[in-house]
Amino acid sequence: MANSKKSMHGAWSSRFTFILAATGSAVGLGNIWKFPYIVGENGGGAFVVVYLLCVVAIGIPIMMAETMLGRRGGQCPINTIKSLAKEAGAHENWKYLGWMGTIAGFLILSYYSVIAGWSLSYVLKAFTGSFSGESAAQINTLFVELKASQGEQIFWHTVFIGATMSVVAKGVEGGIEKAVRFLMPGLFVLLFLLVAYAMTTGYYTEGLKFLFQPDFSELTASSVLTAMGHAFFTLSLGMGAIMVYGSYLPKDISIAKTVFWIAGADTAVALLAGMAIFPIVFSNGLEASAGEGLIFQILPIAFGNMTGGWLFGVLFFVLLVFAALSSAISLIEPAVAWYIEKFKVARTQACITMGGVVWLMGLGTVFSFNSWADVTFFGLTFFGFLDFLTANLMLPLGGFLIAIFAGRVMHSHHAKEELDLKTDQHFEVWMFLVKYIAPAAVFLVFLGVLGVFG
Ligand code: PHE
């Protein structure tokens, strides 16, 4: 029976290790790179409110569902869903939910690695003092040059994929735990430092207003979709990352408490990043809607201006790379676990094959910033298209189906037994959220984007 099986890929040594790994998965480029730039592109406060609502009403219940499904299934997401569907007497086509998620992780990693590569190149730039005393315009040129250079981006993309695959090859208990233990506290310290710098710019209040004062007239259907998609992306939901980590979670650990902790830490990092970035944007007379280069064009200005800024710059980008690494690992783990279960090969071999394919696909993202800049898919660049397809469509759709599966397909006494919440009322609240609220919210947002509400 699925319930008593221990995962063939190993197990976490404690609840704390699971928290570390899942927080490592959640906190990444999504919080520090993506959150500020999409907030900037979507008009600020109102977007943030929608994002926070989505985290609470959709993200947290679905994260509990994913963890619970993973632990009960005990295999890679594809086989977990397959065996849980069987246990529930449901149609075997549910396995495509596992497939969609695994593919989404693959696609996300292909561009995620390129952006992590930018961060790697900024470690070097900070180290060699490229930011010190530079004007905002000069800092901007650095970024424009990086985006134009295929060689530089491919080099760092290769380094990052190599690093990711070598950690994954060591297995889930090895590399992840150690990296995240010093990463999280370090990241918080540096973000606080940047927020402190932002307070000295004279534009702190303006930055906070932009971030926290909602102007709902700014909100369009497509920004609501982006906010919801980001709630999934930032919490690593809808594709099986949390599910696969849940499958390494020992049976005697409470899922609910753990999930609140992870979602709280993730949200805190994103908000701190926003509080650091927008005051610097405004104090330099720059545009909040600059797009995917925002942090690379803004934070170096701060590092260039503070005493010892090169060192803080190095530390910051190093921590960003590690945060990206601990997320990247979870993006590819479902695919690697599947490959091992399917072909009965060694972890290393699975990693080499999967890493190779992802690396190749990443080239498309690199080219989308230079030689393919004018090539569009549905009006978006290759990178823009991949990001939209995965974060705004595949993850919410995956989350929708996971909610349906956990709330309606699986026997509720199995869910109850696995979640083991403190009281029956707690379970009822969770059930209500996954059965009605989360799927209805995703559905309505999709309808809204299709223009159904005019
Ligand atoms: N949550 C990660 C981030 O915010 C990205 C991610 C998405 C990781 C989906 C795993 C699965 O950077």
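One-based numbering, in listed order, for ligands and for the atoms of each. All values below were derived from every heavy atom in this structure, side-chain atoms included, with hydrogens, water molecules and symmetry-related copies excluded.
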Asker: For T226 and S223, does a side-chain donor sit closer than 3.5 Å to a side-chain acceptor?
Answerer: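 Side chains of T226 and S223: no pair found under 3.5 Å.
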Asker: If you take the centroid of each ring, where Trp contributes its six-membered ring, are F316 and F312 closer together than 6.0 Å?
Answerer: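 When the ring centroids of F312 and F316 are compared, they turn out to be at least 6.0 Å apart.
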Asker: Can we call the ring centroids of F382 and F367 under 6.0 Å apart?
Answerer: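 Distance test on ring centres: not under 6.0 Å, no.
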Asker: Indicate, with yes or no, if the rings of F369 and F383 have centres closer together than 6.0 Å.
Answerer: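 Between F369 and F383, the centre distance is under 6.0 Å.
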Asker: Determine whether the aromatic ring centres of residues Y245 and F18 are separated by less than 6.0 angstrom.
Answerer: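 Ring-ring flag for F18/Y245: false, centres at least 6.0 Å apart.
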Asker: With hydrogens left out, which residues have an atom under 4.0 Å from ligand 1, given that only heavy atoms count?
Answerer: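 Those residues closer than 4.0 Å to ligand 1 by some heavy atom are S25, A26, G28, L29, G30, N31, Y112, F233, T234, S236, M239, A241, S327, S330, L331.
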Asker: Considering only distance and modelled atom types, tabulate donor-acceptor pairs under 3.5 Å from the side chains of residues 34-55, sequence neighbours left out.
Answerer:
from, atom 1, to, atom 2, distance (Å)
K34, NZ, D387, OD1, 2.9
N42, ND2, I38, O, 2.8

